[in-house]
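Note sheet for the following structure.
Numbers here are sequence positions counted from 1.
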Amino acid sequence: MERWFEFMGNHPFLFGLLAVLIVVFFMMESSRNGRKISPQSLGILTKAQNAMLVDLRDAKDFRAGHISGSRNVPYSQLDNHIEELRASTRPIIFICNLGQVAGSALQKVGHPDSYRLDGGIMNWKGQSLPLVKSSNSK
């Protein structure tokens with residue numbers, strides 16, 4: 001640790017450049033993946049503004065357990081639904097397993113009032129929130 005402080009003292013320009021690069025990285029990563037919404041806020045937004053929940057997982061995973069009121073549009077079929085989703089006047093919340101696929105979908109659809117569930121279904125389950133099981137895929 002002592003050497004780290006010595007390095008910072010001897011090379012302030014390099015240390016400053018490192019700090020700037022770290023900040024830029026996090027800013028770009030944040031904007032690339034879109035706005036996140038927590039599991040708790042998802043319920044509030046759904047009730048207050050009738051948000052549309054779009055589950056991007058495949059039909060098998062969706063049937064095994066999904067958030068109540070969500071609609072299954074597998075990511076592989078998203079291109080077939082882009083115009084419909086863009087035209088929606090409701091907020092859209094994209095849901096996947098961990099949140100990365102939802103970030104890609106958010107960019108692809110380009111809806112102005114859209115979010116991705118932070119941490120995806122894994123975060124939802126981790127907070128012991130309920131999932132609904134079904135026998136149909138939509």
Side-chain angles (χ1 to χ4, degrees):
M1 190 69 167
E2 204 172 290
R3 289 190 157 277
W4 179 248
F5 291 124
E6 182 182 343
F7 174 80
M8 289 183 338
N10 291 334
H11 305 285
F13 178 75
L14 290 177
F15 182 71
L17 183 61
L18 175 64
V20 168
L21 289 174
I22 289 171
V23 169
V24 169
F25 170 77
F26 282 109
M27 287 174 49
M28 289 179 62
E29 191 66 21
S30 175
S31 67
R32 185 180 71 124
N33 289 329
R35 294 187 296 179
K36 298 179 198 175
I37 190 166
S38 70
Q40 295 78 13
S41 298
L42 180 144
I44 294 167
L45 186 64
T46 302
K47 288 179 181 161
Q49 296 184 25
N50 193 25
M52 180 188 313
L53 306 178
V54 178
D55 194 317
L56 300 165
R57 298 173 302 146
D58 63 34
K60 179 183 171 190
D61 289 340
F62 182 80
R63 284 191 303 269
H66 59 273
I67 298 171
S68 178
S70 62
R71 170 184 173 197
N72 187 220
V73 178
Y75 186 76
S76 61
Q77 298 173 15
L78 186 62
D79 290 338
N80 300 334
H81 299 272
I82 286 180
E83 292 307 316
E84 168 194 351
L85 293 171
R86 280 186 187 149
S88 175
T89 58
R90 299 163 45 193
I92 300 174
I93 302 171
F94 292 101
I95 303 163
C96 65
N97 281 320
L98 297 172
Q100 276 73 26
V101 173
S104 297
L106 202 145
Q107 280 189 317
K108 189 181 262 194
V109 171
H111 188 275
D113 193 14
S114 57
Y115 306 83
R116 67 182 175 97
L117 178 61
D118 188 22
I121 288 290
M122 297 306 278
N123 186 22
W124 185 271
K125 286 181 187 177
Q127 295 189 28
S128 301
L129 294 167
L131 292 174
V132 177
K133 295 183 181 192
S134 68
S135 58
N136 59 6
S137 63
K138 293 213 177 187

_Please determine whether a side-chain nitrogen of the Lys or Arg among D58 and K60 lies less than 4.0 Å from a carboxylate oxygen of the Asp or Glu._
no
| query | Out of curiosity, does F15 fall in the hydrophobic cluster containing L21 (side-chain heavy atoms, cut-off under 4.5 Å, transitive links)? | reply | no
Between R116 and A102 the two heavy atoms that sit nearest each other are CB-CB, 3.7 Å
dist D55:CG -> I93:CD1 (nearest 0.5 Å) comes out at 12.0 Å
Looking only at atom types and distance, does a side-chain atom of N72 sit under 3.5 Å from a main-chain N or O of R57, one as donor and one as acceptor? yes
### Message
In the structure I gave you, are the side-chain heavy atoms of S70 and F62 within less than 4.5 Å of one another anywhere?
### Response
yes
*Can I67 and L131 be said to form a side chain to side chain contact (heavy atoms under 4.5 Å, CB included), step by step?*
CA-CA 5 Å; I67 298 171; L131 292 174; 4.1 Å; yes
In this structure, OG of S114 is separated from CG of L106 (nearest 0.5 Å) by 3.5 Å
query = Would a distance-only check, ignoring hydrogens and angles, find a side-chain to backbone donor-acceptor pair under 3.5 Å from W124 to P130?
reply = yes
Has R35 got its NZ or CZ under 6.0 Å from the middle of the six-membered ring of Y115, at an angle within 45 degrees of the ring axis?
yes
Hits for side chain to side chain contact (heavy atoms under 4.5 Å, CB included) against K108, two or more places apart or cross-chain, chain-then-number order -> Y75, L78, D79, I82
Value for NE2 (H111) from CZ (R86), rounded to nearest 0.5 Å, stands at 10.5 Å
Interatomic distance, CG@L53 vs CZ@F94, rounded to 0.5 Å, equals 11.0 Å
Once you measure the plane-to-plane angle for H11 and F7, does it fall in the parallel (<30°), tilted (30-60°) or perpendicular (>60°) bin?
tilted
### Message
Tell me whether M8 at atom CE has more than 12 heavy atoms from other residues, nucleotides or ligands lying less than 6.0 Å away.
### Response
yes
Smallest heavy-atom separation, R90 atom then A51 atom, equals NH2-O, 3.5 Å
Nearest heavy-atom contact between H66 and K133 is CE1-C, 4.4 Å
- Short question: side chain of D118, backbone of K36 - any donor-acceptor pair under 3.5 Å? no
Tightest non-hydrogen contact, residues P91 and Q49, listed as CG-OE1, 3.2 Å
CD1 (I37) and OG1 (T46) are apart, to the nearest 0.5 Å, by 7.0 Å
To the nearest 0.5 Å, atom CG of D61 lies from atom SG of C96 at 11.0 Å
